[in-house]
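Below: the structure, in structure tokens.
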Amino acid sequence: MSNRQIHPAFEGDMAASYDARNEPLAPLRDALHLLSGRLLLQDLPETAEILCVGAGTGKEVLYLASLAPDWRFTALDPSADMLAVCRREVEAAGIADRVRLFEGYVDELDDGIAYDAATSILASHFITDRTERLAYFTGIAERLRSGGILINADLSGDRQATTFDALEHVWLSAIRAAGLDDDSVASYRANLDKSVGLLPPNELAALIASAGFSEPAQFYQGGLIHGHTARRI
């Protein structure tokens, strides 16, 4: 694995407590999983290979694995601590034989599999440099078969839109549900553009398309979380 820096929110005790800290926002995750799962169930074969990039603790792996008994997964994440949680979760669910764990980045994955689908859930927005973010999506495209499905979800918003302040207000209200006090919410807001590449949804879609995908369709929005789907050209 390369020596690229891992965000401190995904290491050590923060990784171990990640799911518990985010559980108040679980309805947003569950709605995204529901729509993503129905899309994949409709379009993927009974036996499919799915790449989960930035898999973290494995929540989407667990959900998708529950839908189809013959789907197989590669859970990729640069954080050994997050993958350790993922390993425990898939073992507890009895699906460890269907899940390969890969510690590293997508451009380091060289397993020779042409994946039927890939997910990237709340991962690419941590890449604030657009050139690097384009390379990230290109790396995913290169590991999909022709016509393979991408499901991407990121924080996204257009600060120039007249409605952005109202959308951000709703989002910050939701963030409070995760236990943040006033000072923490103010800090989160002040650092949002520094820690996240907050692109407008249309620019995010254009970036994905330029990486070798069809024009993405937005199929989900929960606050600032925007979900897009596209196919590898």
Side-chain angles (χ1 to χ4, degrees), residues 1-12 14-15 18 36 40 44 48-61 64 71-87 90 98-156 194-199 201 203-216 225-233:
M1 183 182 141
S2 74
N3 60 358
R4 283 178 277 193
Q5 187 175 8
I6 298 172
H7 196 285
F10 307 127
E11 294 189 292
M14 295 294 282
Y18 183 86
S36 301
L40 295 181
L44 289 186
E49 292 281 356
I50 301 174
L51 173 61
C52 297
V53 184
T57 62
K59 287 296 186 183
E60 71 259 34
V61 174
L64 294 175
W71 286 354
R72 295 180 59 84
F73 302 85
T74 295
L76 180 153
D77 201 280
S79 168
D81 295 327
M82 294 289 273
L83 280 183
V85 178
C86 182
R87 183 186 301 278
V90 299
R98 298 166 55 196
V99 181
R100 297 175 294 269
L101 303 180
F102 181 85
E103 181 188 344
Y105 296 87
V106 67
D107 61 357
E108 299 170 329
L109 179 65
D110 186 21
D111 57 10
I113 298 174
Y115 287 92
D116 298 288
T119 63
S120 174
I121 307 300
L122 302 181
S124 96
H125 60 220
F126 289 111
I127 307 172
T128 56
D129 181 89
R130 289 202 190 196
T131 300
E132 293 178 6
R133 199 166 178 182
L134 174 60
Y136 170 89
F137 285 118
T138 300
I140 294 176
E142 290 172 346
R143 286 155 181 81
L144 287 171
R145 63 170 175 79
S146 178
I149 302 168
L150 170 68
I151 292 175
N152 182 77
D154 281 317
L155 297 185
S156 176
K194 297 177 183 178
S195 60
V196 171
L198 195 70
L199 294 178
E203 291 187 24
L204 175 57
L207 185 71
I208 292 171
S210 66
F213 290 96
S214 62
E215 181 180 358
I225 302 174
H226 291 72
H228 289 88
T229 184
R231 289 182 179 269
R232 183 193 170 177
I233 298 173

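Along the sequence shown, the residues carry numbers beginning at 1.
- Here the CZ atom belonging to F213 is positioned 4.5 Å from the CG atom belonging to L150, to the nearest 0.5 angstrom.
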Worksheet item: Should L51 and L109 be marked as a side chain to side chain contact (heavy atoms under 4.5 Å, CB included) after you check the CA-CA gap, both sets of side-chain angles, and the distance that decides it?
Response: CA-CA 10 Å; L51 173 61; L109 179 65; 3.7 Å; yes
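- The heavy-atom pair separating H226 from S156 by the smallest distance is CE1-O, 3.0 Å.
- Of the N and O atoms on the side chains of S214 and R231, not one donor lies less than 3.5 Å from an acceptor on the other residue.
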Discussion item. Apply salt bridge (Lys or Arg N to Asp or Glu O under 4.0 Å) to residues E49 and R143 and explain how you reach the verdict.
Written reply: CA-CA 11 Å; E49 292 281 356; R143 286 155 181 81; over 6 Å; no
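- Nearest heavy atom pair, residue A211 against residue A141, reads O-CB, 3.5 Å.
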Discussion item. Is there a side chain to side chain contact (heavy atoms under 4.5 Å, CB included) between D77 and T57? Walk through the geometry before answering.
Written reply: CA-CA 9 Å; D77 201 280; T57 62; over 6 Å; no
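- Contact record, S195 with F126: O-CD2, 3.8 Å, taken as the closest heavy-atom pair.
- Counting all heavy atoms, side chain and backbone alike, C86 lies closest to G58 at SG-CA, 3.8 Å.
- Between the side chain of D111 and the backbone N or O of I113 there is at least one donor-acceptor pair closer than 3.5 Å.
- Using the six-membered ring where Trp is involved, F73 and W71 have ring planes that are perpendicular, over 60° apart on the 30 and 60° scheme.
- Between T119 and L64, some side-chain heavy-atom pair lies under the 4.5 Å cut-off.
- Looking at L198 and H125, their side chains never come closer than 4.5 Å, going by heavy atoms from C-beta outward.
- Here the CD-CG distance, from E103 to L76, works out to 10.0 Å after rounding to the nearest 0.5 Å.
- Looking at every heavy atom in both residues, M82 comes nearest to A15 through SD-CB, 3.6 Å.
- How far CZ of R72 is from CD1 of I50: 11.5 Å, rounded to the nearest 0.5 Å.
- Open room surrounds CD on E215; 12 or fewer heavy atoms of other groups in view lie less than 6.0 Å from it.
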Worksheet item: Is there a side chain to side chain contact (heavy atoms under 4.5 Å, CB included) between L204 and N152 once you walk through the steps?
Response: CA-CA 10 Å; L204 175 57; N152 182 77; 4.2 Å; yes
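- Of the inter-residue distances, the one linking K59 atom NZ with Y18 atom OH reads 10.5 Å to the nearest 0.5 angstrom.
- In this structure, the side chains of L199 and R130 come closer than 4.5 Å at one or more pairs of heavy atoms.
- Scanning both residues, L44 and A48, for their nearest heavy atoms gives CD1-CB, 4.1 Å.
- Annotation for D110: atom CG does not count as buried by contact number, only 12 or fewer foreign heavy atoms lying within 6.0 Å.
- A distance of 6.5 Å separates CG of L122 from CG of D154, quoted to the nearest 0.5 Å.
- Judged purely by atom type and a 3.5 angstrom limit, S120 has no side-chain atom pairing as donor or acceptor with the backbone of A123.
- No more than 12 heavy atoms of other residues, nucleotides or ligands shown are found within 6.0 angstrom of CZ on R87.
- Rounded to the nearest 0.5 angstrom, T74 OG1 and L101 CG are separated by 9.0 Å.
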